[in-house]
Amino acid sequence: MNKHQTPMLDQLESGEWPSFITGIKRLRDHHADPRIRETTNDLLGQLEHSYETIKGYWKGGTVSVFGYGGGIIPRFSEVGELFPRSKEFHTLRVQPPAGNYYTTDCLRQLAESWEKWGSGLVTFHGQTGNIMFIGATTENTQQFFDEINDYGFDLGGAGPCVRTAQSCVGSARCEQSCTNEHDIHRRLVNNFLDEMHRPALPYKFKFKVSGCPNDCMNAIERADFAVIGTWRDEMQVDQQAVAEYVAVKGRNYLVDNVISRCPTHALSLNEDDSLKVDNRNCVRCMHCLNVMPKALSPGSDRGVSILIGGKRTLKIGDRFGTVIVPFMKLEREEDYERLVELAEEVIDFFAENALEHERIGEMIERIGLVNFLDALNIDMDPNMIVHPRENSYVRTDNWEQEAAKWIERKNSAA
Ligand code: SF4
């Protein structure tokens, strides 16, 4: 095998960060299978060629597996005659398990299947939340899918469809979790599998589930339908643990690093160094709970908030999700059914009313939140603020007198 010279790519290995070039070279130089060595050699050759000519040479097309309309990102090379071994280099998006829990056996099994049918390049996990298996020929795409499907893996979403959902690590490993993230994730995905595998929506639609307001899935920023665990009673305070914290770190440290950093000034220290929480003003920013996890925990009346419309740039700039349901209990079967029903209603409305290539956040911006809520039969609520901590309450005492004065002024000016 003649190795392609890659002087420009070599520079990418010189920085402080691990380089993807080093990873591809490792496959080229050390993999036991000559097919993988040759494929990655041609991949590096094409990439170097791209850097030299400042031009990308991958084009799309149509590649799918039987019965599916999405889940594969086709990549055909425009310079396939120069780099024949990587001329078809499709990516398969495969759904991860809820919470990204794998056994090492399972990871090994996936790696072996991919080395058998693909290039050996994998990303755990791409921005979409999927396992990205990068680099298969059209023929091997079906073979690889059949093999992993046999042991339980399925393709994720690509294109204008319900996309692969994501959930955080959750209550199995995190003390802040307020809900069963993985159950929610699984129910939503199972219910919308058809919409995921057969793209038929105006544009993409993403579910993300975070177990607490730390929002480790960045659901508020990145999900069209964000489910975020929260609580509605009082935060649980273990005063003994607070006292131990003060004894170790000192009173000043607590004041400087916890109390004064509460964005709503909801914390104070009593004379005896016990902590006082003004729960009505706590906005669940999670700062104090993260700093003092032994002393502070979420309350015991737990549930989720649902936010709609988070997304990155596109037409009208970045948007955070807007609260649609401030608090929903998720304990009984009926609660979960209601959640899935709500998601169905939202997606139906999106499918019927969004313009092509418009995310649901943009659609709401265009038609107005009031109309969206009206269509979904959801009552308005002061928690549905667009920006956090902008007060949606307006005092209306004496408004009549003020209005009379304003009319008087207007009349006298006229
Ligand atoms: Fe303040 Fe945030 Fe703690 Fe609530 S969670 S008390 S807002 S620091």
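Every number for a ligand or one of its atoms is a count from 1 in the order of the listing. Bear in mind the structure is a predicted one, so any value in this text is a computation, not a measurement.
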Next on the checklist: For Tyr102 together with Phe124, are the ring centres under 6.0 Å from each other?
Outcome noted: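 Yes: the rings meet the under 6.0 Å criterion.
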
Next on the checklist: Ring centres under 6.0 Å, that's the criterion: do Phe207 and Phe192 meet it?
Outcome noted: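 Between Phe192 and Phe207, which both carry aromatic rings, the centre distance is below 6.0 Å.
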
Item to check | Distance from atom 3 (Fe) of ligand 1 to nearest protein heavy atom, with residue and atom | outcome: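 Looking at atom 3 (Fe) of ligand 1, the protein heavy atom closest to it is Cys288 SG, 2.2 Å.
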
Item to check | Distance from atom 7 (S) of ligand 1 to nearest protein heavy atom, with residue and atom | outcome: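 Of every protein heavy atom, Val283 N, 3.4 Å lies nearest to atom 7 (S) of ligand 1.
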
Checklist entry - Looking at Thr138, Asn140, Thr141, which one forms a side chain to side chain donor-acceptor pair (under 3.5 Å) with His90? => result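 When side chain to side chain donor-acceptor pair (under 3.5 Å) is applied between His90 and each of Thr138, Asn140, Thr141, only Thr138 qualifies.
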
Side chain, backbone, both or neither: which applies to [X] and ligand 1 if a contact is any heavy-atom pair less than 4.0 Å apart?
{"X": "Leu296", "result": "neither"}
{"X": "Leu289", "result": "side chain"}
{"X": "Met286", "result": "backbone"}

Checklist entry - Is a side-chain donor-acceptor pair under 3.5 Å present for Glu13 with Thr22? => result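 The answer is yes; a qualifying pair exists.
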
Checklist entry - Quick one: do the Thr103 and Asp105 side chains pair a donor with an acceptor below 3.5 Å? => result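 Looking only at side-chain atoms, Asp105 and Thr103 do not form any donor-acceptor pair under 3.5 Å.
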
Checklist entry - So, do Thr128 and Thr164 sit near enough that their side-chain heavy atoms are less than 4.5 Å apart? => result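 Not in contact.
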
Checklist entry - Under 4.0 Å from any heavy atom of Leu267, which atoms of ligand 1 are there? => result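 By the 4.0 Å cutoff, the relevant atoms are 6 (S).
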
Next on the checklist: I need the atoms of ligand 1 closer than 4.0 Å to a non-hydrogen atom of Thr264, numbered in the order shown.
Outcome noted: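 Contacts of ligand 1 toward Thr264, numbered from 1: 7 (S).
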
Item to check | Proximal candidate to atom 2 (Fe) of ligand 1 [heavy atom criterion; set Cys285, Cys262, Cys282, Pro263] | outcome: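 Checking each option, the heavy atom nearest atom 2 (Fe) of ligand 1 is found in Cys285.
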
